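These figures come from a predicted structure and were not determined experimentally. The basis for the numbers below is simple: all heavy atoms, side chains too, and nothing from hydrogens, waters or symmetry mates. In what follows, chains are A, B, ... by sequence order, proteins preceding strands, each numbered from 1.
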There are 2 protein chains.
Amino acid sequence: MADVNLLRAVSPAAPIAASPQFLREAEIRRGIELLYFGYSNMVKGADVHLAAQGLGRAHHRALYFIARRPGMPIGDLLDLLNITKQSLSRVLGDLQARELVVQTVGTRDRRQRMLSLTAAGAALETELFECLRDGVTRAYGHAGQNAVTGFWTVLTGLIPPEDRPMIEALQQAAPAERSAA
Amino acid sequence: MADVNLLRAVSPAAPIAASPQFLREAEIRRGIELLYFGYSNMVKGADVHLAAQGLGRAHHRALYFIARRPGMPIGDLLDLLNITKQSLSRVLGDLQARELVVQTVGTRDRRQRMLSLTAAGAALETELFECLRDGVTRAYGHAGQNAVTGFWTVLTGLIPPEDRPMIEALQQAAPAERSAA
DNA sequence: AGATTTACGTCAGCCATGTTGACGCTTATG
DNA sequence: CATAAGCGTCAACATGGCTGACGTAAATCT
């Protein structure tokens with residue numbers, strides 16, 4: 001194993017506080033790296049669970065957002081995922097074939113297809129959520145409330161302001177009945 | 001454009017502080033979502049720059065880590081990227097064909113291939129870094145020093161403890177002369 | 001010294017997930 | 001009634017993962 005080889009002069013246990021001139025290269029790189037490895041590790045467990053069912057990350061993302069906003073139309077999901085409808089259609093086709101997701105005709109606008117999870121879909125999404133949750137809960141718990149707020153603040157700052165409302169809308173309790181355009 | 005449709009009851013401008021019981025589902029989901037969108041947006045600019053040269057994200061990751069630890073052997077890079085040698089070899093092949101990366105025989109262990117960037121490789125890596133840097137700098141600046149520390153702390157907590165030394169070693173100034181196993 | 005292991009290279013094929021372009025249908029809307 | 005919007009679908013292609021198998025040089029163990 002080469003694992004140990006990256007270790008040289010060794011590393012303090014706790015993160016060092018951001019310096020007053022916290023915009024220098026080293027601190028930018030640190031953020032980039034932690035974001036990359038943090039994200040990778042967060043989803044690692046879910047990937048395994050997904051693979052066991054013959055599904056991939058793309059399926060998880062769709063399941064996740066549909067769970068988050070039941071009744072969401074396809075167009076909104078496309079905006080969130082930022083992929084083409086052809087890519088999404090493959091994924092949704094798989095999920096529907098497995099009866100994890102169903103479509104219903106929009107009530108206000110009959111051109112729309114509203115997405116929601118079946119009981120089986122919701123159950124799977126819950127399992128996948130738990131894979132992510134364990135890691136996040138531990139990280140939040142060790143870091144403390146203050147750090148979590150900082151974590152949210154920095155990440156929000158990485159998102160272009162015009163995209164933030166879309167993302168913050170996910171956090172509203174109410175399931176989406178889509179507003180008229 | 002359906003963008004505006006995800007907007008419903010609307011969103012406060014600044015992030016809300018983590019609640020005392022900050023381990024509940026809503027706050028976990030918020031972290032998951034911000035991490036996903038934050039990461040996606042961070043790399044978006046670099047992706048465009050890469051595509052303009054006919055390269056992909058995989059090439060960037062290799063360039064990035066080689067820039068970070070010049071002289072790093074292949075095995076260490078494999079550990080960081082967590083992919084197979086076959087996947088990496090395609091990427092490194094491309095980078096060498098374009099004379100962005102060179103290999104030299106290991107000094108201590110002649111079986112190893114030490115990786116480093118050519119001048120052109122370093123120049124490209126710098127351009128790509130700047131794509132990421134702009135976003136991160138803005139996010140750090142708006143969030144403030146305290147938030148940045150929290151951001152680091154939570155992300156570090158997402159990484160399994162046994163992997164942290166490898167990642168923290170990236171942040172040591174010194175270029176790697178690989179330690180004997 | 002000889003056997004074994006390590007570090008790396010390589011060929012071949014497969015899979016997941018993204019892309020572009022084109023065309024069609026139903027429903028809303030001006 | 002014409003046009004636009006929301007969605008479905010076919011076809012082809014690119015990227016970047018994967019497995020499996022096999023080879024070679026150098027280090028290490030006995």
Side-chain donor or acceptor of A:Lys85 under 3.5 Å from a matching atom on the base of D:dG8? yes

Calculate the interatomic distance between B:Gln96 atom CD and C:dT10 atom C1'; express it in whole Å. 14 Å

Expressed in angstrom and rounded to an integer, what is the separation of A:Leu88 atom CG from D:dC10 atom P? 16 Å

Report yes if at least one side-chain N or O of A:His59 is closer than 4.0 Å to OP1 or OP2 of C:dT17; otherwise report no. yes

Between C:dC15 (C1') and A:Asp47 (CG): distance, integer Å: 15 Å

5'-most by nearest nucleotide on DNA chain C - A:Ile83 or A:Gly54: A:Gly54

Taking any heavy-atom pair under 4.0 Å as a contact, classify B:Arg90: base, sugar-phosphate, or nothing. base

For A:Arg164 and A:Ile159, indicate whether the former's side chain and the latter's backbone hold a donor-acceptor pair under 3.5 Å. yes

B:Tyr140 side chain vs A:Glu27 backbone, donor-acceptor pair below 3.5 Å: yes

May I ask you to verify if any side-chain N or O of A:Arg61 is less than 4.0 angstrom from the OP1 or OP2 atom of C:dG18? yes

Flag, side chain of A:Thr118 to backbone of A:Glu99, donor-acceptor distance under 3.5 Å: yes

Report yes if at least one side-chain N or O of B:Ser87 is closer than 4.0 Å to OP1 or OP2 of D:dG16; otherwise report no. no

Check the phosphate of D:dG8 against A:Gln103, side-chain N and O only, distance under 4.0 Å to OP1 or OP2. Yes or no? yes

In terms of side-chain heavy atoms of B:Gln86, which of D:dG8, D:dG20, C:dG18 is nearest? D:dG20

With A:Arg68, which of A:Glu125, A:Gln172, A:Gln171 fulfils side chain to side chain contact (heavy atoms under 4.5 Å, CB included)? A:Gln171

In whole angstrom, give the distance that lies between atom CZ of B:Arg113 and atom P of D:dA25. 11 Å

Kindly indicate whether the side chain of A:Arg110 and the base of C:dT27 share any N or O donor-acceptor pair separated by less than 3.5 Å? no

If I take atom CG in residue A:Leu50 and atom C1' in nucleotide C:dT17, what distance separates them, rounded to the nearest angstrom? 14 Å

In this structure, how many angstroms lie between the P atom of C:dA7 and the CG atom of B:Leu78, rounded? 11 Å

CD1 of A:Ile74 versus P of D:dA5: gap in Å, rounded? 18 Å

Please check: side-chain N/O of A:Arg29 versus main-chain N/O of B:Phe129, any donor-acceptor pairing under 3.5 Å? no

Pick the nucleotide of DNA chain D nearest each of B:Gly56 and A:Leu92; which residue has the one closer to the 5' end? A:Leu92

Return yes if the base of D:dA5 and the side-chain atoms of A:Arg111 contain a donor-acceptor N/O pair under 3.5 Å, otherwise no. yes

What's the CZ-P distance between A:Arg57 and C:dT17, to the nearest Å? 9 Å

So, is A:Thr84 near the phosphate of C:dT19, with a side-chain N or O under 4.0 Å from OP1 or OP2? yes

